[in-house]
Asks: 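Below you'll find the structure I mean.
Convention: sequence-line order gives letters A, B, ...; per-chain numbering from 1. Computation of the quantities below employed the complete heavy-atom set of this structure, encompassing side-chain atoms and omitting hydrogens, waters and symmetry-equivalent molecules.
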2 protein chains.
Amino acid sequence: MELTDRKKQILKVVVEEYVRTAEPVGSKAIAARMGGAVSSATIRNELADLAELGYLEQPHTSAGRVPSPRGYRLYVNELMERQKLSLSETEEINQALRIKMEELDRVISQAGRAVSAFVNYPAYVTAAGRRSAAVRRFELLPVDGESCIAVVMLDHGRVKSQLLRAQLPVEVEQFPVLVNLLNSHFTGAPAGELNQRLMQVAGQIPPPLFLLLSQTVGYACDLLEEAGRREIVTAGAKELLKLPEFRDADKAHELMSFLTDRKESLPMPEDEGPMKILIGPENVSDALKDTSVVIASYDIGQDMRGLIGVVGPTRMDYATVAARLSGFADALTRMFGTHTLLPKEEPKE
Amino acid sequence: MELTDRKKQILKVVVEEYVRTAEPVGSKAIAARMGGAVSSATIRNELADLAELGYLEQPHTSAGRVPSPRGYRLYVNELMERQKLSLSETEEINQALRIKMEELDRVISQAGRAVSAFVNYPAYVTAAGRRSAAVRRFELLPVDGESCIAVVMLDHGRVKSQLLRAQLPVEVEQFPVLVNLLNSHFTGAPAGELNQRLMQVAGQIPPPLFLLLSQTVGYACDLLEEAGRREIVTAGAKELLKLPEFRDADKAHELMSFLTDRKESLPMPEDEGPMKILIGPENVSDALKDTSVVIASYDIGQDMRGLIGVVGPTRMDYATVAARLSGFADALTRMFGTHTLLPKEEPKE
DNA sequence: GTTAGCACTCAGGGAAAGCGAGTGCTAAAC
DNA sequence: GTTTAGCACTCGCTTTCCCTGAGTGCTAAC
């Protein structure tokens with residue numbers, strides 16, 4: 001038995017109708033939506049074939065048909081019409097991203113909320129460097145005899161600073177020495193190596209200075225580690241409650257717990273494709289076995305990359321979600337391209 | 001009719017039993033829990049009195065009794081036994097707060113999650129200054145001819161920095177001039193005044209410098225505004241789904257939306273008392289009319305103050321929540337007292 | 001290959017019945 | 001006056017049963 005064009009057409013109608021109503025779709029309804037060209041009896045024959053081929057399922061004998069994961073997959077791969085965003089939708093995205101680009105974390109969490117509100121499903125957002133970061137430059141600003149501000153400049157122009165307190169007094173003249181030492185020995189190296197280098201210079205400088213030094217390096221290590229660790233922000237878990245498949249509080253609770261407490265297990269594809277759709281059992285995590293995830297990637301500067309994902313029931317409006325999500329990803333890429341949050345790395349390096 | 005000791009005792013049992021089981025409490029159960037000193041018939045008479053006095057309600061004729069908000073209030077004010085935290089609970093709190101004290105925001109959001117997990121209800125956390133903040137000191141670190149790092153030191157030793165790009169080249173020798181200007185004209189003032197001062201010096205310095213100056217001041221304004229604005233973090237909304245009163249998805253959704261989208265309306269008492277309990281209709285927001293909120297405050301340094309709140313059904317285990325919450329608040333206060341995140345303000349000022 | 005017709009299936013909804021926890025009242029006991 | 005046993009009554013909840021109707025699968029005719 002082969003998959004004729006008409007069968008595909010019917011599958012498409014079933015998916016779209018089921019997505020809309022969340023109710024199994026009957027032969028009559030399909031015949032109606034196909035313009036009455038064929039009768040419901042014909043449709044029934046076709047439906048039986050589609051079920052046998054594994055594209056449709058039947059909740060029980062006397063109910064309509066529901067797409068199987070395989071059916072959704074075919075729909076997504078071949079049948080789905082690529083939607084374009086309307087002008088007002090594009091405007092909505094831009095509006096949502098019209099935020100002060102302060103820290104990356106904030107942008108990401110704001111983006112998460114916005115995406116979720118935009119697609120009406122829970123969403124998650126991440127950003128991670130493609131290679132490990134390193135300190136580009138150190139600076140120390142004396143505050144008083146016992147404390148100073150450590151300024152650490154990372155790649156991509158990210159700057160962080162913190163107040164340090166040396167327990168022992170340090171001469172102001174010593175600071176340039178320390179800064180020199182920091183910049184000559186502790187720049188350009190990955191976090192793991194910094195502590196080794198610290199050990200190497202341990203004996204060569206007086207204790208008060210070393211204390212400050214190690215505090216600064218420790219701070220830098222923290223920053224690098226934090227920059228390397230990808231932070232995952234989830235938003236809009238509450239959207240689940242609007243869906244009929246999650247009216248059951250236990251089910252909703254389970255997935256929400258997953259979204260908030262085990263974010264790390266959310267799918268984070270490494271490959272570079274612009275968009276990925278995981279349907280039901282295609283998901284690795286058990287908790288996502290009967291949900292679908294749509295993931296788009298966006299660029300942050302040259303070598304950082306982020307993901308936006310949307311989690312929903314397998315009965316998801318893939319066409320709309322895909323369109324909106326990729327619109328969002330594009331907007332983010334554009335925004336990071338033009339904005340000053342992460343200026344281009346200096347060429348002279 | 002007066003409120004005898006025995007009536008109070010019965011009310012206490014009703015509250016505690018109802019909190020435990022979420023089911024209306026019957027006369028027999030009460031008699032049993034009071035050691036069989038009186039019969040259920042006697043209890044019934046007392047229950048009728050308590051209902052008439054407004055401390056109890058009856059969902060329907062043939063059901064047991066349920067505390068009214070007034071009943072809970074009496075319980076909280078007079079009847080509730082102040083619980084002490086067990087050693088393991090104290091340890092659990094300390095464990096949860098054993099985090100790197102990086103930025104205030106992170107500490108707060110981590111604390112929110114921890115509190116929520118600890119009491120099994122949604123929680124929220126805030127921090128706000130008691131008076132408006134001001135910049136204590138500026139510093140500019142040249143990076144190359146066109147950009148520099150602005151370091152802004154606020155009260156309480158909070159330091160923030162950002163990379164600025166002047167569109168026009170600036171001589172390195174000019175930076176100390178600029179820093180002087182910044183420190184002499186733009187420190188100690190509230191955010192609102194900074195822009196006025198910027199106008200005053202506008203004509204007196206060359207454009208490239210002024211550009212950098214205004215960027216720096218703008219950055220400082222943002223920081224001050226951000227520091228003044230109290231950020232509210234909510235966590236653990238999903239805990240609601242475990243409660244029988246929120247098995248209804250719509251109800252849960254409504255409260256969750258409130259918790260995530262209209263946080264600002266959560267109760268934030270101004271008065272200094274260490275703990276506040278709002279029961280059902282005592283809440284101002286409609287969305288909280290049949291929930292209760294328990295709020296504790298903690299100190300951050302000398303003149304910042306934070307709140308932790310817990311939101312739950314009126315049928316809340318007030319004794320335990322109150323004990324755990326105040327334990328948490330104490331732990332936070334202690335932590336901020338000893339930690340270096342916000343060192344004491346220098347006395348010489 | 002398509003269609004009309006028809007018997008069959010089965011979830012969902014509503015009515016009816018039974019159950020049981022709990023009440024309120026009365027009258028007797030303390 | 002307070003407490004208690006006894007008893008009739010109430011009423012939400014659960015179960016059962018029946019009915020309805022949407023939808024199917026099959027067969028036979030087109």
Asks: What is the distance, rounded to the nearest whole Å, between atom CD1 of Ile43(B) and atom P of dA5(D)?
Replies: 12 Å

Asks: May I have the distance from Leu47(A) (atom CG) to dG23(D) (atom P), rounded to whole angstrom?
Replies: 11 Å

Asks: Hey, which sits more toward the 5' end of DNA chain D by its nearest nucleotide, Glu46(B) or Thr61(B)?
Replies: Glu46(B)

Asks: Whole angstrom is fine here: how far is it from CZ in Arg44(A) over to C1' in dA4(C)?
Replies: 10 Å

Asks: Starting at CD of Gln58(B) and ending at C1' of dC9(D), how long is that distance when rounded to a whole Å?
Replies: 14 Å

Asks: What contact category does Ala51(A) fall into here, base, sugar-phosphate, or nothing, at under 4.0 angstrom with non-hydrogen atoms?
Replies: nothing

Asks: If the test is side-chain contact (heavy atoms from CB on, under 4.5 Å), which one of Leu278(B), Leu255(B), Leu259(B) qualifies with Leu288(B)?
Replies: Leu255(B)

Asks: Distance check, rounded to the nearest 0.5 Å: Leu240(A) atom CG versus Tyr121(A) atom OH?
Replies: 10.0 Å

Asks: Look at the side chain of Ala41(A) and decide which nucleotide, out of dT2(C), dT3(C), dT24(D), has an atom nearest to it.
Replies: dT3(C)

Asks: Provide, to the nearest angstrom, the distance between the CZ atom belonging to Arg65(B) and the C1' atom belonging to dT10(D).
Replies: 13 Å

Asks: In whole angstroms, how far is the C1' atom of dC30(D) from the CG atom of Asn45(A)?
Replies: 15 Å

Asks: Side chain of Ser62(B), base of dT10(D): donor and acceptor closer than 3.5 Å?
Replies: yes

Asks: Just the rounded figure in Å: distance from C1' of dG24(C) to NE2 of His60(B).
Replies: 15 Å

Asks: Is the distance from OP1 or OP2 of dT4(D) to the nearest side-chain N or O of Ser39(B) less than 4.0 Å?
Replies: yes

Asks: Mind checking salt bridge (charged side-chain N to carboxylate O under 4.0 Å, His left out) for Lys242(A) and listing every partner two or more places apart, or none if nothing turns up?
Replies: Glu239(A)

Asks: Could you state the NZ-C1' distance from Lys28(A) to dG25(D), rounded to the nearest angstrom?
Replies: 16 Å

Asks: Ignoring backbone atoms, establish whether Thr42(A) has a side-chain N or O less than 4.0 Å from OP1 or OP2 of dG1(C).
Replies: no

Asks: Only one of Lys7(B), Arg65(B), Arg6(B), Lys8(B) forms a salt bridge (Lys or Arg N to Asp or Glu O under 4.0 Å) with Asp49(B), so which one is it?
Replies: Lys7(B)

Asks: Among residues two or more places apart or on two chains, list those pairs meeting ring pair (Phe, Tyr, Trp, His ring centres under 6.0 Å) that have a residue in residues 37-75 of chain A.
Replies: Tyr72(A)-Tyr318(A)

Asks: For Ser40(B) and Pro24(A), take the nucleotide of DNA chain D holding the closest heavy atom to each; which residue's nucleotide lies nearer the 5' end?
Replies: Ser40(B)

